[in-house]
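Report on one structure; see the data block that follows.
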Amino acid sequence: MTQPPGVEVRNPRQYSLVANGRLFPRAPFHFDGTFFKQSHFPNRLDHWTPGLFYQTIRIDNMLLGVKCRDTSQGREPSIELSVYYPSPIQDSVVSKTLDEIAFRYDLHADLAEFQALADRDTTFTDVFKRWKGMRASTQYSLYELLVVGLVLQNTQVRRSVQMLETLTQRFGTLVEFDGVELWSIWLPEDLSAVDEEELRALKIGYRARSLKRFSEQFSSGLIDEVELRRLDDDSLKRELLKIYGVGPETVRIIMSEAFHRPGVFAHIAPWQQKIYSRLFYNQEIVPTERIIDDINRQFGRYSALAVHYIWEDVFWRRRNEYIDWLEAEIRL
DNA sequence: CATCAGGGCCCTG
DNA sequence: CAGGGCCCTGAT
């Protein structure tokens, strides 16, 4: 494969094990559903096998490698977390890493109220049972998730994969630990000296403008992810929409996965509408307003989370069985 | 070869 | 608030 200009092959940074820790998610907990999202397009930023998940994470200006292993016993959820880095790290860094992982995967979430709503549902009984304890979650920081959201915009999966690959190879970092090679997304300030034309040369099209602009918003300190976590749903949405290149669909993804707001289900993209229509009504097409109303009526403060369960489930099913109507809508 | 739409968003009128 | 335009790419 020929690379666009500016992209070169790099050797991975070698990391070794420097710390271990343990996390105790609130029960019920579903490791695989929470750590690995089957609906996401394939990339090289993480590595999953059942009960095991690898990723990178930035803590205190360090780019760490992290391995999470499911060590749950019966009804007692637990995760063993291993941290990898080229040199020893302080205990404070380890505890920050544990806290950040716990937040990103919403490990302390109280799902009791959601579970009660799910138990009352008669259409997706098996789905809610299969994924009991799953969170709407993400491995990414807000900035990283925005980059992923950006390459998703107005294109097909194949090109999204291509754009993210090109960008990470040009600006990201490759690390190797525990026998796994992973790319990580750059920092917003890494693009400060890069102009829009240079980004366009990487074939990301008009997204170059958004990437440039929102990276500046981040590196200038205008957006503070930790601060945003404190806001109520409406304020958070308002702040997110101020980010250049963020509209209703990207907000939906971010609110659900990065900020764990299970009740925000107010937007359905056209391709999702077709899939929801099939899943919820077994019809070709149902008006989005009706879908939104119905879901909100049934699942209230957990409408987005409920849809997340059904959405992920259909993509997991797709791994094993061929669902023809779904294939037609997904398009690689 | 041309045209078009795709896992949105910005901007304009 | 509806609708045009936008980088690219593969499908038709």
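Letters A, B, ... are given to chains in the order of the sequence lines, protein chains preceding strands, and every chain is numbered from 1.
Rounded to whole Å, the separation between the P atoms of C:dG5 and B:dC4 comes to 12 Å. Taking atom P in both C:dG3 and B:dA5, the straight-line distance is 15 Å, to the nearest Å. When the C1' atom is compared between C:dA2 and B:dG7, the two are found 23 Å apart, to the nearest whole Å.
No side-chain donor from either of A:Gln38 and A:Glu312 sits under 3.5 Å from a side-chain acceptor of the other.
Checking C:dC7 for Watson-Crick or G-U wobble geometry (two distances, each under 3.5 Å) identifies no partner in any strand. If you check C:dC1 for Watson-Crick or wobble pairing at under 3.5 angstrom, you find it paired to B:dG13.
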Filtered N/O pairs between nucleotides 2-6 of chain B and protein, under 3.5 Å:
unit_1 : atom_1 : unit_2   : atom_2 : d
B:dG6  : N3     : A:Gln156 : OE1    : 3.4

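Aromatic ring orientation, A:Tyr276 versus A:Phe280: parallel (interplanar angle below 30°, classes split at 30° and 60°). Aromatic ring orientation, A:Phe177 versus A:Tyr54: tilted (interplanar angle from 30° to 60°). The aromatic rings of A:Phe31 and A:Phe35 lie parallel to each other, their planes meeting at an angle below 30°, with 60° marking the opposite boundary. Ring geometry for A:Trp316 against A:Phe36 counts as perpendicular: the plane angle is over 60°, on a 0 to 90° scale with 30° as the lower cut.
At the heavy-atom level, A:Pro248 lies under 4.0 Å from the strands shown only through sugar-phosphate atoms. A:Gly205 comes within 4.0 angstrom of a base, heavy atoms only. A:Ser160 comes within 4.0 angstrom of nothing in the nucleic acid, heavy atoms only. If you check every strand for non-hydrogen atoms under 4.0 Å, A:Arg207 touches a base.
A straight line from CG of A:Leu146 to C1' of B:dC9 spans 13 Å, rounded to a whole angstrom. Atom-to-atom, CD of A:Gln153 to P of C:dT9 comes out at 17 Å; the value is rounded to the nearest Å. Taking atom CG of residue A:Leu240 and atom P of nucleotide B:dG8, one finds them 18 Å apart after rounding to whole Å. Note: CG (A:Leu164) to C1' (C:dC8) measures 16 Å, nearest angstrom. Rounded to whole Å, the distance from CG on A:Leu326 to P on B:dG7 is 12 Å. Rounded to whole angstrom, the span from the CZ atom of A:Phe41 across to the P atom of C:dT9 amounts to 16 Å. In this structure, A:Ile204 places its CD1 atom 15 Å from C1' of C:dT9, rounding to the nearest Å. The distance from atom CZ of A:Arg200 to atom P of C:dC8 is 7 Å, rounded to the nearest whole Å.
In terms of position along DNA chain B, the nucleotide closest to A:Pro270 lies nearer the 5' end than the nucleotide closest to the other residue of the pair A:Arg209 and A:Pro270.
Cluster annotation: A:Val307 is connected to A:Leu117 through the hydrophobic network of ILVMFWY side chains, with a link wherever side-chain heavy atoms come within less than 4.5 Å. A:Leu187 and A:Phe171 sit in two unconnected hydrophobic clusters of ILVMFWY residues. Membership requires side-chain heavy atoms under 4.5 Å apart, directly or through other members.
The shortest distance between the side-chain N/O atoms of A:Tyr244 and the OP1/OP2 oxygens of B:dG8 is not below 4.0 Å.
Judged by the 6.0 Å distance and 45° axis criteria, A:Arg69 is not positioned over the aromatic ring of A:Phe53.
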